[in-house]
Amino acid sequence: MQIITEPGQMQVIAEKLRLNRQLIAVVMTMGALHEGHLSLIKLARQSAGTVILTIFVNPMQFAPTEELHRYPRPFEQDVALARSAGVDYLFAPEVSSIYPDHFQTTLQCGALGEHFEGKLRPGHFNGVATVVSKLFNITKPHRAIFGEKDAQQLAIISQLVTDLNMEVTIVPAPIVREENGLAVSSRNIYLSSDERNKAGILYQGLCHAEKRMAGDERNLQTIAREVEEIISSTPGCRTDYVNFVDAISFELAETAEKGKEYRLLVAAICGSTRLIDNLRIRA
Ligand code: AMP
């Protein structure tokens with residue numbers, strides 16, 4: 001595995017790979033690699049001959065109040081994990097080479113970026129879209145693997161690629177979960193072991209919704225309220241939002257149409273840690 005820090009050098013390598021007709025798959029992360037990230041790398045391995053992993057903690061997607069500097073950066077451990085997962089190139093640039101002095105061009109997401117996570121973190125998805133576009137230009141992938149864990153981000157990136165005619169296929173990867181159903185996340189380190197056990201309630205709520213829809217309940221607001229109750233009845237947990245959206249457009253959905261796909265989005269605070277999760281459910 002080669003470690004690259006300079007965007008120019010990564011571009012030269014990617015261009016050569018393309019000229020040699022190598023398929024490139026990229027996995028973009030902020031590091032602190034866990035099982036979720038490793039599953040994306042595995043999918044990348046299966047879908048292309050060359051795998052590029054990017055590790056970049058993107059300041060543009062953090063609000064001034066969020067703790068950019070507290071974000072975990074266990075680089076040596078990440079290098080070892082990436083190597084054993086079969087990554088070919090690890091691209092880990094410095095902030096100054098991604099955002100040099102006089103940098104000023106940014107992307108703006110539309111309505112998709114304004115609700116849910118975008119409402120809580122204004123400008124967050126513009127920062128994500130900008131860095132993802134830059135990383136596409138640098139790594140020149142044929143395929144890019146993104147986790148369904150961040151379903152709104154996945155929808156925004158799919159829209160970005162369509163809107164800007166980018167020649168990259170977005171491959172969604174299923175959510176990796178712990179034994180109790182809690183979605184694996186870098187944030188889980190902030191949970192105490194008691195909170196970690198309790199946080200499994202988010203997945204139980206999602207599964208309840210799936211059962212209710214399988215049982216032909218069509219009123220999605222009723223189901224969402226039940227999920228809210230399930231989560232909030234766990235001591236130390238409270239919901240931020242529980243909403244059904246159309247699986248593609250991400251527009252709020254109130255009544256289920258038979259055969260259509262929806263996504264139930266959940267954000268909840270367990271202890272003092274905010275967690276997000278979701279489930280794609282066909283009515
Ligand atoms: P992050 O480093 O948190 O920005 O995540 C990088 C990528 O890993 C994103 O595409 C995430 O959606 C994905 N990811 C994070 N957690 C999981 C998980 N538990 N299962 C699958 N993918 C995940």
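Remember, it's a predicted structure, so these values are computed and weren't measured experimentally. When a ligand or atom number is given, it counts from 1 through the structure's own listing order. The residues of the chain are indexed from 1 along the displayed sequence.
For ligand 1, the atoms lying closer than 4.0 Å to a non-hydrogen atom of Met28 are 6 (C), 7 (C). Under a 4.0 Å criterion applied to the non-hydrogen atoms of Ile175, ligand 1 contributes the atoms 20 (N), 21 (C).
Distance alone, capped at 3.5 Å, places no donor-acceptor pair between the Arg238 side chain and the Ile269 backbone.
Within the structure, salt bridge (Lys or Arg N to Asp or Glu O under 4.0 Å) contacts touching residues 173-191 (residues at least two apart or in different chains) are Arg177-Asp277, Glu178-Arg196.
Not a single heavy atom of Ala32 lies less than 4.0 angstrom from ligand 1. Taking a 4.0 Å cut-off on heavy atoms, His34 registers as neighbouring ligand 1.
Between Met30, Gln153, Glu148, His37, it is His37 that holds the heavy atom closest to atom 8 (O) of ligand 1.
Salt bridge annotation for Glu114-Lys119: absent, with no cationic side-chain nitrogen under 4.0 angstrom from a carboxylate oxygen.
Among protein heavy atoms, atom 17 (C) of ligand 1 sits closest to Lys149 CB, 3.7 Å. The protein atom (non-hydrogen) at minimum distance from atom 12 (O) of ligand 1 is Asp150 OD2, 2.6 Å.
Neither the backbone nor the side chain of Ser185 comes within 4.0 Å of ligand 1, counting heavy atoms alone. When non-hydrogen atoms are compared, ligand 1 lies under 4.0 Å from the side chain of Leu40 (C-beta onward) but not from its backbone.
Other residues, nucleotides and ligands contribute at most 12 non-hydrogen atoms within 6.0 Å of the CD atom of Glu254.
Expressed to the nearest 0.5 Å, how far CZ of Arg263 lies from CG of Asp246 amounts to 10.5 Å. The distance from the CG atom of Leu90 to the CG atom of Leu81 is 11.0 Å, given to the nearest 0.5 Å.
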